[in-house]
Amino acid sequence: MEQSDKEKSNVDQPELKKSDLETKGYRLARVSPVFLFIEVAKKSILPLVVTFIGTSGGVQDRIFIGIAVFFSLFSIIQYWFFHYWLEQDRLVVKSGILFKSLRQVPYERIQNITTERNILHRLFNVTTLQLESASGQKPEALIRVISTEQARYVHQFIAKKSSHVDQPDDITVNHSEQGPTAAEQGALFYMPPKQVLRRGLISLKALLPIGILFSFLFQNHALREQATAFLTRFIGGLHIELWHWQTWALYGSLWFLAAVIVLLLISIAISFLQFHEFTLHKKVDRLHIKTGLLTNRQATVPIKRIQLIRIIQSPLHKLFGQVSIKMETAGGVGENDAMSMHWLAPLMPKNQVADFLSQIQSDVDWQAIDWQPVAAKGKRRMFKKMLLVLLIAMIPVAFFFGWKALLLLLLIPYIGWYAGRYIKVAGYTHNNQLVGTRLGVFFHHMQFATIHKIQNITWQQSPFDRRYGMARLMVDTAGSSQVSQPVRLFYVYDDDIQPIYQALTKQVADSRFIW
Amino acid sequence: MKPLERDYLRIIRWIGLAVCLVVATIPSVVFGALWSIAWYFATAAWVVILAVLFLVLNAYLKHWYQKYAYQLDDEHLAIKRGVFWRHHISVPISRVQHVDVNSGPLDRRYDLAKLVVNTAGTHYAQTSLPGLSVRDAYQLRDQLLAAQEGDTV
């Protein structure tokens with residue numbers, strides 16, 4: 001059948017290159033193994049580090065490293081077996097060594113083409129191409145590294161055939177000549193360097209890796225000795241045993257300050273790597289997003305594919321009067337896939353949010369969102385719940401420390417404050433376009449799902465809810481990750497929730513779901 | 001709203017009885033062996049535990065069965081269930097992706113089937129409706145899918 005397809009395409013598709021139709025098809029670029037290896041290394045770096053730092057350095061380490069090396073080589077060999085070619089109506093990818101796979105992707109099904117070019121890509125003049133369709137968690141095809149010219153050709157070819165994909169921008173070619181002012185022009189959202197810097201200060205992305213590093217240092221005895229020895233050689237003998245409390249305070253505060261500065265610097269660096277010149281253009285019904293300093297990422301997101309919008313505000317965000325806006329897109333690719341775009345705005349002044357979102361989803365009235373408070377009685381419920389958790393936590397503490405466990409009761413005023421604050425902040429909104437929730441004492445989360453993206457609606461009432469005359473409502477959307485919270489309304493009186501449930505059922509049934 | 005088939009209550013009672021047997025046997029055997037309790041005491045305890053467990057479970061299952069109800073109109077499939085934790089689930093017909101009809105060995109004995117409705121959602125993507133007669137299940141499936149005709153995703 002493939003054969004006949006090919007012959008047919010030969011006849012009425014003069015524009016196809018002859019090589020397009022060869023079964024062998026195109027191969028990856030020569031430098032591809034380097035990128036494949038980096039990808040494998042990225043994935044196995046954590047286990048490798050764990051085995052390296054976490055164990056004593058015996059035979060089993062070498063076994064682990066051997067396995068890692070084996071798999072790296074294995075993945076590099078994949079390069080030899082990766083072929084792809086363009087047919088009349090589909091892209092075919094043939095890959096695999098032992099388990100061969102032949103994947104046929106009709107052009108019409110390709111919704112989005114993401115390209116990635118980091119500094120290494122530029123050095124070799126190559127590009128990673130990711131083709132996404134509306135369904136499934138995995139990308140339809142991932143072509144890791146072909147020459148930029150070829151990538152452009154494939155992109156153009158698919159764009160011609162698919163109604164969903166746009167022609168590649170010319171910006172791709174002469175990106176380096178583009179100044180920030182040019183990028184700013186006509187962009188719906190642009191992040192100037194000042195904002196990127198702020199983003200680094202706010203996100204504190206370096207906290208996690210540094211924390212992991214330190215926890216390793218404190219757990220591994222041999223390594224700690226080494227680190228101390230290194231420091232001693234570096235600063236000279238510290239003679240900790242002779243220190244007074246003043247010295248302790250001085251050195252302690254100095255070290256703390258140094259640690260904070262390092263943390264901030266690394267965080268800012270990460271922020272620049274990720275979000276340098278983050279630019280979002282709106283073209284008719286699609287969003288074009290471009291970002292990254294060394295790794296230049298471009299993504300196209302059809303607006304109708306946005307399922308859920310999430311606005312996040314941490315205490316640090318609040319200090320600067322900023323928020324972050326994320327989106328969940330249907331069918332695309334999971335959250336942990338680095339190549340897909342999940343940011344609408346990594347950092348944005350809070351007062352611009354409504355305007356920004358109105359421009360993206362013009363059918364939704366983002367200005368007119370009125371938050372309904374949850375039931376005031378919820379405060380008592382929340383307090384009781386947290387008190388119960390505290391009392392249970394006291395049992396093991398009492399077992400080990402005796403009467404000192406009673407000190408935990410000092411937390412009761414805090415719990416009271418927290419419960420009150422939680423209920424005060426929590427809120428929900430529902431109109432004929434969307435449902436939304438607002439949550440969080442320190443970290444504010446707002447989630448919005450538009451009516452036509454809602455998949456099903458569940459009303460729930462636990463025995464505790466019933467006692468207080470409350471109920472909860474859950475609304476499910478597509479393309480979310482299992483770990484993230486669905487849109488949930490709770491601590492709301494049943495009298496308030498029933499009408500919403502009835503109305504939503506009607507609204508959702510009347511609207512049509514489009515991917 | 002329509003209730004489930006009466007025979008389904010029998011099925012869940014049989015399953016409940018099997019669970020009770022296992023649950024009642026474990027403590028009798030373990031404690032009997034540990035403290036070498038005389039066999040007649042152990043047996044008596046087993047019978048008492050089994051009886052209590054099954055009576056309680058039976059009462060619960062009856063309520064559970066009575067609370068279970070479903071309805072399909074031209075807009076959505078509505079399901080109400082739960083004794084303590086009550087759920088009302090609404091699956092709009094326009095969101096149905098695909099529908100399965102399952103029938104286990106016990107179900108087949110009573111000529112019953114389970115309808116599983118899948119949506120594109122993430123957390124509650126699957127909604128199942130057990131205890132339907134096979135005829136009803138197929139009819140529901142056809143109704144759910146008929147509304148999908150002409151809907152291209």
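Reckoned from all heavy atoms, side chains included, excluding hydrogens, waters and symmetry mates. Naming: A, B, ... by sequence-line order, numbering from 1 per chain.
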Can a donor-acceptor pair be found, under 3.5 Å and without considering hydrogens, that links the side chain of Thr122(B) to the backbone of Thr477(A)?
yes

Quick one: does Glu75(B)'s side chain get under 4.5 Å of Asp510(A)'s, heavy atoms only?
yes

Please report the shortest heavy-atom distance between Ser511(A) and Ser94(B), naming the atom on each side.
O-OG, 3.5 Å

Which one wins on heavy-atom pair count under 4.5 Å against chain B: Asp476(A), Asp465(A), Leu473(A)?
Asp476(A)

Compare all side-chain heavy atoms of Trp459(A) with those of Arg86(B) and state whether any distance is below 4.5 angstrom.
yes

Please list, in residue-number order, every residue in residues 3-26 of chain B that has a heavy atom less than 4.5 Å from any heavy atom of chain A; write 'none' if there are none.
none

Decide side-chain contact (heavy atoms from CB on, under 4.5 Å) for His452(A) and Arg95(B); before the verdict, give the C-alpha distance in whole Å, the side-chain angles of both, and the deciding distance to 0.1 Å.
CA-CA 10 Å; His452(A) 54 279; Arg95(B) 301 300 192 271; 4.2 Å; yes

State whether the number of non-hydrogen atoms from other residues, nucleotides or ligands found under 6.0 Å of Arg109(B) atom CZ is greater than 12.
no

Between Asn456(A) and Thr119(B) (side chain of the first, backbone of the second, donor and acceptor by atom type, cut-off under 3.5 Å), is there such a pair?
no

Tell me whether the count of non-hydrogen atoms from other residues, nucleotides or ligands lying under 6.0 Å of NZ in Lys384(A) goes above 12.
yes

Side chain, backbone, both or neither: which part of Gln502(A) has a non-hydrogen atom closer than 4.5 Å to chain B?
neither

The interface call for Arg472(A) against chain B, heavy-atom contacts under 4.5 Å, is neither

d(Asn118(B) CG, Gln455(A) CD) to nearest 0.5 Å is 11.0 Å

Residue pair Phe464(A) / Phe84(B), side-chain heavy-atom distance below 4.5 Å
no

Taking all non-hydrogen atoms of both residues into account, name the closest pair between Ala478(A) and Ala120(B) and its distance.
CB-O, 3.1 Å

I need the minimum non-hydrogen distance between Thr458(A) and His87(B), along with the two atoms involved.
CG2-ND1, 4.0 Å

Considering all heavy atoms, the nearest His123(B)-Pro486(A) contact:
CD2-CB, 3.6 Å

Is chain B contacted by the side chain of Ile454(A), its backbone, both, or neither, given a heavy-atom distance below 4.5 Å?
backbone

Pairs of heavy atoms under 4.5 Å with chain A: top-ranked of Ala78(B), Gly121(B), Gly82(B):
Gly121(B)

Does atom OH (Tyr110(B)) have a neighbourhood of more than 12 heavy atoms from anything else shown, all under 6.0 Å?
yes

